[in-house]
Amino acid sequence: MKKGLFDKKDTTSRKVFVICNYIFLGLLALICIAPFAHLLALSFSGDEFTSAGTVGIIPKGFTLDAYMLLAGKKEFFKAFGISVLRTVIGTAFALLVIILTAYPLSKSNKVFKGRTTIAWILAFTMWFGGGLAATYVLYDTLGLIDNFLVYIIPGACDVWFTIMLMNFFRKIPKELEEAAMIDGCSQLQILFKIYVPLSIPSIVTIVLFTAVGQWNSWFDGIIFMNDPANYPLQSYLYTLIIASDPSKMVGASGQLTPDQLEALKNIGSKNLQSAQIFLGMLPVTVIYPFVQKYFIKGITLGGVKE
């Protein structure tokens, strides 16, 4: 068993390869981390340094004014809450719709007549769409404009994930389903007691990518919400990035406390933008590695031996 990087039987070429591999992966990790470190440094730096473009990955003129200003900013925390809500509800609803769609499509045409036709109709939506104008008119007709459900319903049935889960269901031995039917199980019981537990790797993958997609989505808020108060966090941050005046980011001056007005004098647009963007991406950055651990673990599950 190896006690370090190398084994006693490793050749010189093998050792050189391992060292180069670690160096390459270490540099790649630093390249990925550098933008986040720079963003964090900007949020903690003074305006004179950020305006001059002299801030790297270490803050200059350290200040907490941007975060102090955000602490009393209701718009930011409301948008944050909307994003959390849409991520939780949207991911759960999408997972349920995908599972209920993939299960019947995994059956043969003899069991589920019209299965091939429905599958092709779903696949057609991957290649062709009605365009933004037609989509807006449709959502308006359905009453989804300025409605929280516009974040949940339209993207619930992701065809790519449906096909992926459908193919995973097909690999599960039919003998398990037949045995369950002999025991008197209904189709829903077979689905949620046999198919779903055995499809953990695919389901965890769907949850991961759907949740990250819901959290990072910004375009739907900009297009389908007329009231900025209903923007999710990423749509709200988009409006901040294109703004240049810090006072526009925090609302009317009459809504600010004296401490916030004083802090506003000492920071610039880059400081406040960086602080809000960093806080916006922090939940995914923190949670994703832990969820990914369960995803990797889930890959080893679901194996069935006949």
Side-chain angles (χ1 to χ4, degrees), residues 81-126 148-149 151-217 232 283-306:
I82 292 174
S83 281
V84 171
L85 197 61
R86 73 170 291 179
T87 299
V88 174
I89 298 177
T91 301
F93 182 69
L95 181 61
L96 179 62
V97 171
I98 290 171
I99 289 174
L100 294 178
T101 305
Y103 179 65
L105 291 179
S106 67
K107 306 301 180 181
S108 65
N109 282 311
K110 294 181 179 179
V111 178
F112 178 38
K113 295 182 180 180
R115 173 248 168 218
T116 302
T117 302
I118 295 174
W120 274 108
I121 291 174
L122 288 175
F124 180 85
T125 64
M126 297 176 64
F148 178 78
L149 293 178
Y151 300 139
I152 308 299
I153 296 177
C157 187
D158 188 288
V159 179
W160 173 258
F161 290 144
T162 301
I163 294 175
M164 182 183 72
L165 190 59
M166 176 190 71
N167 290 329
F168 201 97
F169 282 164
R170 284 180 172 177
K171 295 179 182 179
I172 296 177
K174 301 301 179 183
E175 290 79 5
L176 294 176
E177 181 179 353
E178 292 171 359
M181 293 180 68
I182 292 174
D183 291 337
C185 291
S186 64
Q187 288 295 332
L188 284 177
Q189 288 175 321
I190 293 173
L191 171 60
F192 289 104
K193 291 186 177 181
I194 297 178
Y195 277 77
V196 170
L198 293 176
S199 305
I200 290 177
S202 289
I203 290 175
V204 173
T205 301
I206 293 170
V207 170
L208 274 174
F209 285 98
T210 302
V212 172
Q214 283 281 6
W215 181 266
N216 290 332
S217 181
V284 173
T285 306
V286 172
I287 295 174
Y288 191 83
F290 296 98
V291 179
Q292 188 181 35
K293 178 180 67 174
Y294 293 103
F295 165 66
I296 296 174
K297 183 179 179 180
I299 296 224
T300 62
L301 302 176
V304 180
K305 295 182 180 179
E306 296 189 51

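We're numbering straight along the sequence, starting at 1.
Here the straight-line distance linking atom CD1 of Ile98 with atom CE of Met166 works out to 13.0 Å at 0.5 Å rounding. Distance check: Phe192 CZ to Cys185 SG gives 13.5 Å after rounding to the nearest 0.5 Å. Put simply, OH on Tyr195 and CG on Leu176 are 8.0 Å apart, with the number rounded to the nearest 0.5 Å. Between Ile152 atom CD1 and Ile89 atom CD1 the span is 5.5 Å, to the nearest 0.5 Å.
Among residues at least two apart or in separate chains, there is no salt bridge (Lys or Arg N to Asp or Glu O under 4.0 Å) pair with a member in residues 189-217. Applying the side chain to side chain donor-acceptor pair (under 3.5 Å) test to every pair with at least one member in residues 154-164, sequence neighbours left out, gives no pairs at all. Applying the salt bridge (Lys or Arg N to Asp or Glu O under 4.0 Å) test to residues at least two apart or on different chains, the pairs with a partner in residues 87-110 are Lys107-Glu177.
The shortest heavy-atom contact between Ile194 and Ala180 is CD1-CB, 3.5 Å. Between Phe168 and Leu198, the shortest heavy-atom contact is CE2-O, 3.2 Å. Nearest heavy atoms, Val97 versus Cys157: CG1-CB, 3.7 Å. Nearest heavy atom pair, residue Phe93 against residue Ile153, reads CE2-CA, 4.4 Å. When every heavy atom of Ser199 is checked against every heavy atom of Ile172, the shortest pair comes out as OG-CD1, 3.8 Å. Scanning all heavy atoms of the two residues, the minimum distance from Thr210 to Ala94 falls at CG2-CB, 4.0 Å.
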Inset, instruction - Given side-chain contact (heavy atoms from CB on, under 4.5 Å), test Leu100 with Leu191 step by step and report yes or no. - result: CA-CA 9 Å; Leu100 294 178; Leu191 171 60; 3.8 Å; yes
Inset, instruction - Test Thr101 against Leu165 for side-chain contact (heavy atoms from CB on, under 4.5 Å), laying out the working first. - result: CA-CA 9 Å; Thr101 305; Leu165 190 59; over 6 Å; no
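Between Tyr103 and Phe169, the ring planes are perpendicular. Angles over 60° get that label, and only those under 30° would be called parallel.
More than 12 heavy atoms of other residues, nucleotides or ligands sit less than 6.0 Å from atom CE of Met126.
In this structure, Ser217 contributes its side chain and Gly213 its backbone to no donor-acceptor pair below 3.5 Å.
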